[in-house]
Structures are given as C-alpha cells and as structure tokens.
> 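Once you've had a glance at the structure underneath, I'll fire off some questions.
Note that the structure is predicted; figures quoted are calculated from it, not measured. In what follows, every chain begins at residue 1, and chains take the letters A, B, ... in the order their sequences are listed.
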Amino acid sequence: MRFSSSYEPGEYESDIYAAWETSGIFNPKMTTLPVDNNDDGIDDREENISDSKTFSIVMPPPNANGNLHIGHGLTIALEDSLTRYYRLKGRSSWYIPGADHAGFETWVVYEKELEKSGHTRFEYSRDELYARVWNFVAEQRGNMELQLRALGASCSWDDLTFTLDENVIDRVYTTFEKMWNDGLIYRGEKLVNFCPKHQTAFADIEVEHEDEKGTLWDIAYKLVEEPKDASLALSREIIVSTTRPETLFGDVAVAVNPNDERYKDLIGKHVELPLTDRTIPIIADEHADPEYGTGAVKITPAHDFDDFEVGERHHLERIQVIAEDGTMINVPEEYNGSTTAECRKKALKNLKEQGLLKGEKKIEHTVAHCYKCGTTIEPMLKEQWFIDVERLAKTAIEHLENNEIKFYPDNKRKILIDYLKNLKDWNISRQIPWGIAIPMFRKIDDRATDEPEWIFDRRTNLKEIEKAGVKYIRDEDTFDTWFSSSHWPIVCTNWTEENYNPYYPLNVMETGADILFAWVARMIMMGIYVTGEVPFREVYLHGLVLDAHGKKMSKSKGNVINPMDLVTRYGSDAFRLGILRGRSAGMNQAFSENSVISGRNLCNKLWNISRLIQSLVDENEQSERENLISEGIRSYDEDERADPVTTGVGDAPRRNNDFSLAYSTLNMGEDWICREINDCLKQVEKDMKAYRFAEAVEILYQTIWDKYADWFLESQKIYKNTELLKITLEMLLIALHPFAPFVTETIWQNLSWTEGFIATAKWPVKLQYDPISAENFENIRIIVSEVRTTLQSLPGTNNSKKYNLLYDNDSLVDDNRLLIQTLSKVPAINPLDGSPRGLRLALVNHELYLDVSEKVVTTYKDTLTEKILSTGRELNALNARMMNPNYIKKAPEHLVKETEDAIREKESLINRLKQQLSLI
RNA sequence: GGGGAUUUAGCUCAGUUGGCUAGAGCGUACGAUUCACAUUCGUAAGGUCACAGGUUCGAGCCCUGUAAUCCCCACCA
C-alpha cells in the first residue's frame, strides 16, 4: 500500500518542492524555448513563441529581509494558481520572483538598530551607511524566499530580481537620463512633505491624512496706514485665524478675497506682523474664502502648500522659519532654536500679553502624518528632483481610455484615470541612504560659467567627478522606491530596446488594490514611456485580508494571522484553498481558520479517493493476472451489470499526454461522471479567464466531493471501470493542481500508472459520453435521494427503518436494482406484487413505494398533508403566472412551456399525494 | 468637500446578459458506523435578498431616493 490512511502534508511538501525546483520546470526557457537561444536565439523565439503561447507574471517583490504576511499569502495563492493553470494549459509560463530592498521600511528598521547601539546616521557618510544596510539586509535575507517555496510559488528562481540589482539600477538610470534629456526632470525649490523624525521628504501618496481635534486662534494684525473709510477699517486691525501660530514669523502677507467688500480698500495697505518689527502687505487672492473666519488669511509660503501657491502668484518671499529637525530658525532670539511646540506656547503667551490674541476655538481638521512613525508632516521648503508628470499622465490616460488594460475589478480603471487627471508633479528625491543614488552631479567650480549647473552621470559610486576640466559633486539623495519599482515589469522580463520579448507586456499584473496609485499607475506611465507599450494587459487587484469578523488585522488588536503558521498546521494547499475561498477582486474580505480546515479536508478527501482508486487498480491487475492464468474472461460479474444503456465510446480519448489511456463508458454512472467532469472543467476554464478564483475552487470542491466521491465512486464499488477511474482521477488532479499543487503532485507521484510531474501535465480535453445514459443516472440519483429523505422523515430513530422498496412497471428501477439498493441502503428492491401498498414516494415519473406498515404510514400523515399544502402553494404561483395574458404574450416561448410542464407535474404530484392520504 | 464600494441564512460569501421555487461552506439539530476517508456518511431546520418608491409579463439583479458600514482622494486657514 502506497497511501497511508490520511494525507500528512508535512511529510511531503518540502520534498515535492525540491523536486520541482531541481528539475527546472519553473524556468520557461528551459522547458519550452529552443536550446540555441544564445546568439541567434532571439529569432527563434519570435518564430516559435507567439504571445498566446506564453504567460508572464511578476511577483510584487516582498521585503528581502522580512517575513511574509497574510497579504503575501493571498498574493502567492492567486499568482501561482494562474501560473500553474496556464502552465498546464501548455503555455510557456514565467513567474518571476522578486525581493525588495524596501528603501524606507528597511531604513527605519536599520536606523532603530543604529540608535540602540548609541549611534546616529549623521556619524557616517552615505556610502558607509549604504554598505552597512547592505550587510544588515544580507544577514537577514533568505527567510522570505523559503516561505515563498513553502507556499508553493512556482516561480523561476534563477530569474529572481532584487530591486538593487545592477540591471535594475542601470535601467532606472537610463530612464532618468532619457527623462532628463526630454526635459521631464527638473530641480525645484518647492514645498515637500517632510518628516522631521526621519529627516526625509515623501511623495503625496506616502502621507496619511487623519482627522484631528485642533485649536483655531484669532490673531490681530494692526494696520499701518489709516484707512480711507474708518467704518470699514475694523478698528484698525485685521484678524486672521490660524491653527499654527508659530508660523507667523514666516508670514509675508495677509490675503483677502478680491470680491470681499469688507476689505476692498485695504488691499495694498500694510499690517504690522506681531512679535516682529516687520510689516507685510495685504493682498487680494481667491484663496481667501470670505465665508471662513474673518475672511482674511495669513500667508506663509515656506510652510503651507496653499500659501506657497499664493506666494507664487504674487511673487512673495519665502521665509523658512522651521528647520529640517523641527526647530525654529530665522526668528527673534527668544524663539530661536526652540521646537515648534515650545515656540507656539511662547508666541501665544506673548500675543496674549500684547492683547493681540482675540480668540480661540476648538475645531476638527485633517493633519498629515508620516505613514511610518505618525509624526506630523512638516511642509518644508526644499530643493528636490521632480518629474513633470503631465505628459506621462496624459499618455497613460489615452492608453487606459483606449481599453488597452483590462481591470479586475473593472471600476478601478476609471478611478485610475481620475487620479492621473489630477496628478501633481512627483517628488522623487529622498533623504535616506538606503536606495538607488540619484545620478546627478552639481558643478562646484564657479568659474566654469558656461557649463550647466547639474549634469547626469552614472558614476554614483564617486562623490566627486570631473568632466571637461570642471568638477562636480554628487547629489546625496536617493530615488523614491516607486520610481525604480515603476520599472518592475520591464526589468523583470529583461525587456530591451533591441530585441523582441515575448514575455512583455505581462499577461497580468496582480497586486493589492491599496497600491493602485502608488505602483500600478506609475508602472503604466513608465512602461509606456520606456517601451511604448502598456506593461501588462490585465490587472487583478486583491483587497485586504481581514480577520474572521471582518476587522483589519493589526498587531495592536492582536488579530494577526501568520500564514506560515497555518501552512505548518494544515499544509500549504489547505492554506491556499482556504484563502481563495469567498474572495473576489478588489474587496476587503474576512478570512478564518475554518476555511483552511475545509481546504485541508478536501486534500484529505482527494488523498483517500486516490487511495481507493489505486487499490481498485491494484486489485484489477491482480485479477487480470489470475484470469490470464486461468483464461478467465471478465473481472466482474455479468449478472450484476445494469442495463447496458451505454453506447460505450470506443474511441480513445484525444489526449496529448504521453500517458494516454483508452477508456470506454460501460454504465450510466460512468457517462454521468464524464458529463459532470466536462461541465466542471468548462466552468473552471471560464472562471480562470475571468479571475474568479473562489468560484473555480468551489466547483472543483463540489465536483470532487459531492459528485465524484459521493456518487460516482460509490457506484463504482459495484461496477469497476479501472481505466475510466484512472483517467477521471487524473483529470481532477490536474484541474485542482493550480490551487492545491502539493497534494496533487504527491498523489501523482504515488499512483502506479502516472509519469512525470503533474505540474507539467497537459490540461485535460473533454471526455466523450452518452448523454441519455448520463441523464438516466441523474434520475437514479433523484430516486435515491427521495428514498433517503423519506426514510429520514419517518418516525423511529434507528436501524428499525429498514424498509424494502417496491416498484411498479419501471424499467429504469428494474434495470438498476442493485445500484439503487447499494446507494440507498434499503434491504431489497422488489416489483410490486398485487395492489400498491406502503408509502408512495413523491416522485413524478416513477411509481415507487416504501414497504412500510399501515401504522407507520399513519404517522406519516402530517408530513404528507404539509407536502400537499406546500406543493399546492407552488402550483398556485405557477397558475397565477399563466393567468396573466401578458406573460403568455411577452415571455419567451420556452419559459411558458416550462411553466405549463411544471403545472402538470405539480398537479399530478398533488393527486398522487392525495390518493396516498386517502389510503390512510 | 469629492469619489468608490458594501448591505442576501447564526457567521463568511456566491448569485455573470432580469426567468429564482434564492445557493455554498462553516456553524446548528437529528440520524448512521467496521472501511478509501470521523479530516467520514446521510437528512433537516434556517432568508420580507437593508429600507421606500419606480420600470417590467416577471426584479436579489435595472432606475430613483433613504439609511448603515467600510475604503480612497482632497489645500480649507
């Protein structure tokens, strides 16, 4: 016996994965491309591999030195199912794994380590820090990759791309250079989102906005000039409202709305800036909302995004009063060097003393925070590299509106277009050492006046370079990680300008819906900019995996589920099946251990199905050997055979597999299972095309369990067709393989007749069967179910419910007595002798009786009455429909006919039930 | 402020172009027991499809409105 009585995933999974990996079947070039593709191989590729024969997908790179979380588990389950499915479908499938240097994340972790050891980043040069983090990551690396293997990811490990690989940096520099030459890159002093704790700038999308309670203070700014009309002068002062009094030192104007009658003649006048000896002008700008507060607003271009724009419009000075470390600068001595909070306190105190603080009120407003540490983001004036996104966004929108990329869920396409329409220029400078150095150098030789201030150069390993006798110094910033990762489909597939690449664009990009803007949008813009083509044809976005109660998982709530823990306890397949269940594109959905348990149960069921079939095959071979010796003819008893309604499909099935097996269907159950498996395969194909993973798993689950095991295998305990058993088992194993790779491969390796890996088997072609015969089995099923239901509803709670079944003038039953008896577990099935007796089953086309005593029938009276009533209600509804002349006129013909048939059936059923009742 | 989604059985979700007598898994209840599988088998109960209108022969599905929950975007001092 090869199979133990239950499937123990832990015993097989790692060996199975190792066997796959060493055989190289996950590497598409090895399995399907011509061998000589080194020199002239490109041409071969073009000839031999058309787009429809390839399938490519890239892995969103998990943090190289982290552990996989539940979201990764879902990602892998989705991506690997697709990859394995298309591999079985015969495509040259390339699943490209990745590892992320996770610029900011890793830097934060490392900086903490540094702080623990009593050091700070400022003690080291950028190059030193880079080298230190590199070593730190190298030490930690590896776990994640082992976990991907444990999840069964069938990715091509030779092609693993690390986000700091040389070819990645090279490609990023090439793009940057192209953009620089195209004038899409500019250096600008702008307000950027700055985290004072991490001392780096962020892009808009990296900032989290939260509602917070705050205080709005009213501050009086005294007018310098006497107004023309004293009544409009508001007591010779203007009140402005602010949530940030400390920034008043950076004020350069007070703005009022040009249409605001109250202030019309103050425009152009000046006010004294409190706590300073400066005076600032009153300007007119639409930004000031007459409805809000006093309608006058202080303008601080260096520390507020709106004010920055106002300042641009009016060519105002930008006075920076908050330094990068969050302390005050360029302010009166008293405040200099204090933190913003201290400064605010002092300033308010002084304003109050001078009688300039006119009021305060509690308000709720949104405040920007660092997404990592929660520190309030300080808008900071900085020189940074920006990408002028207008052209990129516009082109991307055109391709999107042209429907070149299909989205799952569909509505994300429009959301993305709207986002791109409002996209602002993209700050790509980061002040952290762990990342790709920006390849720009600034002239330090002032005499070389003809030379540009900034030049592009790839030699970022050098702090200083010399070009044409002029010295330049390196910009110390690194790229925003999204800038490099926007190249992901390009770098992973090794796309080049020179050669045709059958794997680009990717067939599908699968990732989290939460990074639609940060990543998907940028990949599209960059893909089009670099290659002229969209980087992928379809996008599948998954939502968040929530806990069992639909709540977000978080460490603080303690409801985090570790995927590896589930894999250890229930097996990789169980986890994959479990996490795919009840999940659809783009939705945040709950996940619980129960679904994993149900996946585990399916694996075990499949294991035992295989165990049974293997034993039947072994038995058959044994008896064939014996028959050979004794010249016997058949392995099963002819007398027990049911009516051979089958036509028996003699043709060998058209399978391309190396292990093609001939089969024929010999009875109804066999035709029936062929039909059901065909339907199932068709449904799975449809579901996979539409990325309906949960539905694909569901139909497989039902087919394997409810149909194959519960009905077909039970029927095969009477009539054994080992060739068909082999074929159908293979088909189901292959069909489930994309979702449950380990158990299907383990079984495949254990079965006596299969060869090679199931992972590279061919997706099955449809079976041939006799449809009439299949439908007959369906009728048998209905009969058996009715017998079971009726038996259950009869009084009595135990084995005493063993009644014979009687039939009258029914060839289907007559021909399948043994089958019905076995399935329904009645002691015997006999033709009715004499007049009907016992309890008649509520079946339309069959006259069947359970041979029970009068007494039992009597106790069944209530059930029978209820049945008559409910059938009557159904009949009434149908009749009402037919009474409606519009229904007959307007509804499709076949529906009307169906209704008519249904009415006839209900009527006859009621009559029979009534007849039955009257006998009692 | 703008936008997107969700609302169907106790729980988690299906329900694709309207044809539904609304399904599944888990859970619950009742029953089975020696063989492939208790990680099992059989049976059942459980729903005003959020609410209110409308379109239609027919609405869980389409339209209008309302409510609740969740998410994203946004510069409101």
> Is there a Watson-Crick or G-U wobble partner for B:A22 with both distances under 3.5 Å, and if so, which one is it?
none
> Look at all strands and tell whether A:R581 reaches a base, only sugar-phosphate, or nothing, counting heavy atoms closer than 4.0 Å.
sugar-phosphate
> For a quick check of understanding: with a heavy-atom distance under 4.0 Å over all strands, which category does A:I415 fall into, base, sugar-phosphate or nothing?
sugar-phosphate
> When we call it a touch if two heavy atoms are under 4.0 Å apart, what does A:S610 touch: a base, just sugar-phosphate, or nothing?
nothing
> Check whether any side-chain N or O of A:K897 sits under 4.0 Å from OP1 or OP2 of B:G19, and answer yes or no.
no
> Check if the side chain of A:K412 and the base of B:A5 share a donor-acceptor pair of N or O atoms closer than 3.5 Å.
no
> When the distance from CD of A:E210 to C1' of B:C73 is rounded to whole Å, what number comes out?
15 Å
> What's the closest nucleotide to the side chain of A:D306 if the choices are B:C75, B:C37, B:G19?
B:C75
> What contact category does A:A288 fall into here, base, sugar-phosphate, or nothing, at under 4.0 angstrom with non-hydrogen atoms?
base
> Look at the side chain of A:Q792 against the base of B:A32 and say whether a donor-acceptor pair falls under 3.5 Å; ignore hydrogens and angles.
no
> Between atom NE2 in A:H209 and atom C1' in B:G1, what is the gap in whole Å?
14 Å
> Could you please name the option among B:A36, B:G19, B:C13 that lies closest to any side-chain atom of A:P892?
B:G19
> Return the nearest nucleotide to the side chain of A:M587; candidates are B:G42, B:A36, B:U6.
B:U6
> Between B:C63 and B:G19, how many Å separate the two P atoms, rounded to a whole number?
15 Å
> Compare the minimum distances between each of B:U39, B:A14, B:A36 and the side chain of A:N601, then state the nucleotide with the smallest one.
B:U39
> Got a salt bridge between A:R576 and A:D573, using NZ or NE/NH1/NH2 to carboxylate O under 4.0 Å?
no
> Mind checking A:E695 for me? I need base, sugar-phosphate or nothing, with any heavy atom below 4.0 Å counting as a touch.
sugar-phosphate
> What is the distance, to the nearest angstrom, from the CH2 atom on A:W705 to the P atom on B:C41?
5 Å
> In whole Å, I'd like the distance from the OH atom of A:Y7 to the P atom of B:U40.
16 Å
> When all nucleic acid strands are considered with a 4.0 Å heavy-atom cut-off, which category describes A:K424: base, sugar-phosphate, or nothing?
sugar-phosphate
> Tell me whether the OP1 or OP2 atom of B:G58 has a side-chain N or O from A:R881 closer than 4.0 Å.
no
> By nearest atom, which of the nucleotides B:U21, B:G19, B:A24 is closest to the A:Q702 side chain?
B:A24
> Check the phosphate of B:C76 against A:T366, side-chain N and O only, distance under 4.0 Å to OP1 or OP2. Yes or no?
yes
> NA contact type, A:E593, heavy-atom cut-off 4.0 Å: base, sugar-phosphate, or nothing?
nothing
> Which nucleotide, if any, forms a Watson-Crick or G-U wobble pair with B:U69, using both distances under 3.5 Å?
B:A5
> Can you find a pair of side-chain heavy atoms, one from A:M553 and one from A:I70, that are under 4.5 Å apart?
yes
> Would you mind checking if A:E698 and A:R692 are paired as a salt bridge, meaning a charged N to carboxylate O distance below 4.0 Å?
no
> Sticking with atom P, work out how far B:A67 lies from B:G27, rounded to a whole angstrom.
39 Å
> Considering only B:U43, B:C71, B:A36, which nucleotide approaches the side chain of A:T789 most closely?
B:U43
> Using both distances under 3.5 Å as the test, list the Watson-Crick or G-U wobble partner of B:A14, or none.
none
> Under 3.5 Å for both donor-acceptor distances, Watson-Crick or wobble: does B:G42 have a partner, and if so which one?
B:C30
> Could you tell me the Watson-Crick or G-U partner of B:C35, where both distances fall under 3.5 Å? Say none if there is no partner.
none
> Can you tell me the Watson-Crick or wobble partner of B:U48, both distances under 3.5 angstrom?
none
> Distance check: side-chain N/O of A:K717 vs OP1/OP2 of B:C35, anything under 4.0 Å?
no
> Among B:G25, B:U16, B:C37, find the nucleotide with the atom closest to the side chain of A:Y701.
B:G25
> To the nearest Å, give me how far apart CG (A:L713) and P (B:C41) are.
12 Å
> By the definition salt bridge (charged side-chain N to carboxylate O under 4.0 Å, His left out), identify the one residue from A:D306, A:D251, A:D307 that meets it with A:K298.
A:D251
> So, OP1 or OP2 of B:A14: does either fall under 4.0 Å of a side-chain N or O from A:S584?
yes
> Given B:U12, is OP1 or OP2 found less than 4.0 Å from the side-chain N or O atoms of A:N594?
no
> Pick base, sugar-phosphate or nothing for A:R583, based on heavy-atom distances below 4.0 Å to the nucleic acid.
nothing
> Does A:D285 come within less than 4.0 Å of A:R313, counting only side-chain N to carboxylate O?
yes
> Hey, are the side chains of A:T242 and A:L248 touching, using non-hydrogen atoms and a 4.5 Å cut-off?
no
> For A:T294 and A:Y263: C-alpha separation, side-chain torsions, deciding distance, then whether side chain to side chain contact (heavy atoms under 4.5 Å, CB included) applies.
CA-CA 10 Å; A:T294 57; A:Y263 300 111; 3.7 Å; yes
> Give the C-alpha distance, both sets of side-chain angles, the deciding distance and a yes or no for salt bridge (charged side-chain N to carboxylate O under 4.0 Å, His left out) between A:K682 and A:D679.
CA-CA 5 Å; A:K682 202 169 133 198; A:D679 288 352; 5.6 Å; no
> What distance, rounded to whole Å, do you find between the two C1' atoms, one in B:U21 and one in B:G65?
31 Å
> Are A:R244 and B:C76 close enough that a side-chain N or O sits under 4.0 Å from OP1 or OP2?
no
> What's A:F517 touching, base or sugar-phosphate or nothing? Going by heavy atoms closer than 4.0 Å.
sugar-phosphate
> Picking from B:G42, B:G25, B:A14, which would you name as closest to the side chain of A:R788?
B:G42
> Once you round it to whole Å, what is the distance between P of B:C73 and CG of A:L416?
13 Å
> Would you mind telling me which of B:C76, B:U39, B:G4 lies closest to the side-chain atoms of A:N411?
B:G4
> Identify whether any heavy atom of A:E8 sits under 4.0 Å from a base atom; if not, whether one sits that close to sugar-phosphate; answer base, sugar-phosphate or nothing.
base
> Do the side chains of A:S584 and A:Y408 get nearer than 4.5 Å, heavy atoms only?
no
> Mind checking A:K689 for me? I need base, sugar-phosphate or nothing, with any heavy atom below 4.0 Å counting as a touch.
nothing
> Roughly how many Å is it from CG in A:N422 to P in B:G3, rounded to a whole number?
12 Å
> Regarding A:Q589, tell me which of base, sugar-phosphate or nothing describes its non-hydrogen contacts under 4.0 Å with the strands shown.
sugar-phosphate
> Using the P atom as the reference point in each nucleotide, state the distance between B:U69 and B:C75 in Å, no decimals.
26 Å
> Distance check needed: B:A74 P versus A:H365 NE2, whole Å only.
17 Å
> Is there a side-chain contact between A:R262 and A:P290, using heavy atoms and a 4.5 Å cut-off?
yes
> Considering only the C1' atoms, how many Å lie between B:C13 and B:A29, rounded to the nearest integer?
23 Å
> From C-beta outward on A:S598, which listed nucleotide comes closest to its side chain: B:G25, B:A14, B:U40?
B:G25
> Taking atom C1' in both B:A45 and B:G4, compute the distance separating them and give it to the nearest angstrom.
39 Å
